[in-house]
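Notes follow the structure.
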Amino acid sequence: MSILTIPPYPTCLHATHSFTIAQISDLHLSDHDSTSFDKFLAVLTLAQSHAPDLLLLTGDLVNDGVARIYDWLFHQLNSTNIPFLCLAGNHDLTHELGDDLPFYKRIFLPINADGRLIDTHRLVIEFPTCQWQLLAVNSAVNGQIYGKLCNDTLSFLNAHLTGNLPTIIALHHHIIPVGSAWIDKHILVNRHEFWQLITPQVRAILSGHVHQAFAITPPQRPNCTVYTTPATARQFLPFNDDFALDTMASGFRLLCLHNDQTISSQVIRLP
């Protein structure tokens, strides 16, 4: 039986000189791929070795929305005793038929999101001389691969971007093309509306979805870096117009927020 208790997602955490976030993404946990569980546990163990203050899971957690697999996932996360946040990805809201067929022949059916995944959430991080905020938003659309932020979510972002707090935004779908035509077709479709909301205090935007690691500073937003992170599942070959897999190892992104309002980041992969 599924345990539908919503996790006690943190709303305020405290830090001294730095605050470390382990961004873990694209687990694709599935009964059809037993290795997906082992890969996730290996990445989770590696992330724990860096003593993060927060685990941030940015989507595609469970293929086909299987409730008992979410039960397993939340049990693993609770066992770490580290605060965590969990966002949905397109595979959390979509049942994919024909995964043995070419991509264009597959059928995608809508399913409801697990009630334990975030729709919108604000986390404040208290430093001795400043505050940071992390805004986590759902970009997944039932039955679709692309992402979209609904009007309520855009309003949520707008409401919390009116002050001066240094800010990180987390969502599943990428908001800048990454140079692979097939995955760039499934970008955040209303990214132009999203960018209109981005104010100078937004220092970083984090996403998953592309199964690749990028750190891009848009020319029009020199104070903001857009990060993507490797998958715990298989990796996609960068800069390839057609779907192809990479041989890079699974990994995660480690971000460090500092009391002087700066950010440092690195990608860490399994050996």
Side-chain angles (χ1 to χ4, degrees), residues 9 21 23-28 55-65 70 73 84-96 108-123 133-161 167-178 180 182-199 202-214 216 218 221 224-233 236 252-253 255:
Y9 290 134
I21 300 171
Q23 182 198 1
I24 301 174
S25 200
D26 297 277
L27 288 55
H28 291 274
L55 300 173
L56 173 64
L57 278 68
T58 50
D60 278 356
L61 309 183
V62 175
N63 282 5
D64 302 325
Y70 288 108
L73 172 61
F84 62 88
L85 302 174
C86 289
L87 285 165
N90 50 290
H91 280 270
D92 294 292
L93 274 69
T94 302
H95 179 55
E96 182 177 338
F108 302 92
L109 301 176
I111 58 176
N112 293 325
D114 188 280
R116 293 165 285 190
L117 302 180
I118 286 169
D119 190 28
T120 58
H121 186 80
R122 179 175 184 254
L123 168 63
Q133 66 174 351
L134 189 158
L135 305 177
V137 295
N138 173 34
S139 63
V141 181
N142 298 73
Q144 301 294 338
I145 306 172
Y146 65 76
K148 185 176 182 179
L149 300 176
C150 69
N151 289 337
D152 286 346
T153 299
L154 293 171
S155 296
F156 167 84
L157 289 173
N158 186 53
H160 291 295
L161 293 175
T167 299
I168 292 176
I169 298 175
L171 70 167
H172 177 66
H173 289 82
H174 61 309
I175 43 86
I176 289 181
V178 295
S180 293
W182 75 273
I183 193 66
D184 285 338
K185 291 179 181 177
H186 309 300
I187 199 169
L188 188 77
V189 296
N190 59 342
R191 60 193 179 280
H192 301 297
E193 293 177 72
F194 172 81
W195 278 112
Q196 288 175 0
L197 299 176
I198 301 306
T199 50
V202 178
R203 305 299 170 80
I205 300 168
L206 313 177
S207 69
H209 192 46
V210 299
H211 294 225
Q212 302 166 16
F214 287 97
I216 304 168
R221 296 289 191 278
C224 178
T225 303
V226 176
Y227 294 104
T228 66
T229 195
T232 74
F236 297 157
F252 71 100
R253 181 175 292 280
L255 296 104

With a 4.5 Å limit on heavy-atom distance, are the side chains of Phe108 and Asn90 in contact?
no
How close do Thr225 and Tyr227 get, counting heavy atoms only, and between which atoms?
CG2-CZ, 3.4 Å
Side chain to side chain contact (heavy atoms under 4.5 Å, CB included) with Asn142: which residues, sequence neighbours excluded?
Leu93, Pro110, Asn112
For a side chain to side chain contact (heavy atoms under 4.5 Å, CB included) check, start with the C-alpha distance between Phe84 and Ile24, then their side-chain angles and the critical distance, and finish with the verdict.
CA-CA 10 Å; Phe84 62 88; Ile24 301 174; over 6 Å; no
Within-4.5 Å side-chain heavy-atom neighbours: Leu149 and Glu193:
no
For the student: nearest non-hydrogen atoms of His95 and Ile111, plus distance:
CB-CG2, 4.0 Å
Does the side chain of Val141 reach to within under 4.5 Å of the side chain of Tyr146, using non-hydrogen atoms?
yes
Less than 4.5 Å apart, side chain to side chain, heavy atoms only: is that true for Leu154 and Leu197?
yes
Determine whether Leu188 and Leu171 satisfy the following criterion, side chain to side chain contact (heavy atoms under 4.5 Å, CB included), listing intermediate values before the conclusion.
CA-CA 10 Å; Leu188 188 77; Leu171 70 167; 4.2 Å; yes
Would you name the heavy atoms of Phe156 and Ala136 that are closest together and state the gap between them?
CE2-O, 4.4 Å
Does the side chain of Leu135 reach to within under 4.5 Å of the side chain of Leu161, using non-hydrogen atoms?
yes
Out of Thr167, Ile205, Ile168, Ile169, which residue meets the side chain to side chain contact (heavy atoms under 4.5 Å, CB included) rule with Cys224?
Ile205
For Asp26 and His91, test the side chains for any donor-to-acceptor distance below 3.5 angstrom and give the result as yes or no.
no
Could you check if a side-chain atom of Cys86 sits within less than 4.5 angstrom of a side-chain atom of Leu61, using non-hydrogen atoms only?
yes
Partner residues of His121 under the side-chain hydrogen bond (donor to acceptor under 3.5 Å, both in side chains) criterion, sequence neighbours left out
none
If you define the side chain from C-beta out and look only at heavy atoms, does anything of Ile118 sit under 4.5 Å from Asn138?
no
When you measure from the side chain of Arg191 to the backbone N and O of Ile176, does any donor-acceptor pair fall under 3.5 Å?
no
Side chain Arg253, main chain Ser25, donor-acceptor under 3.5 Å
no
Measuring only between side-chain heavy atoms, which start at C-beta, is Leu123 closer than 4.5 Å to Tyr9?
no
Chi angles and distances behind the side chain to side chain contact (heavy atoms under 4.5 Å, CB included) call for Leu56, Leu255:
CA-CA 10 Å; Leu56 173 64; Leu255 296 104; over 6 Å; no
Do His209 and His186 have ring centres separated by under 6.0 Å?
no
For Asp119 and Asp152, run side chain to side chain contact (heavy atoms under 4.5 Å, CB included): C-alpha distance rounded to whole Å, both residues' side-chain angles, the deciding distance at 0.1 Å, then the answer.
CA-CA 10 Å; Asp119 190 28; Asp152 286 346; over 6 Å; no
Using the six-membered ring wherever Trp is involved, compare the ring planes of His211 and His28 and label them parallel, tilted or perpendicular (cut-offs 30° and 60°).
tilted
Which residues pass the side-chain hydrogen bond (donor to acceptor under 3.5 Å, both in side chains) test with Asn190, sequence neighbours left out?
none
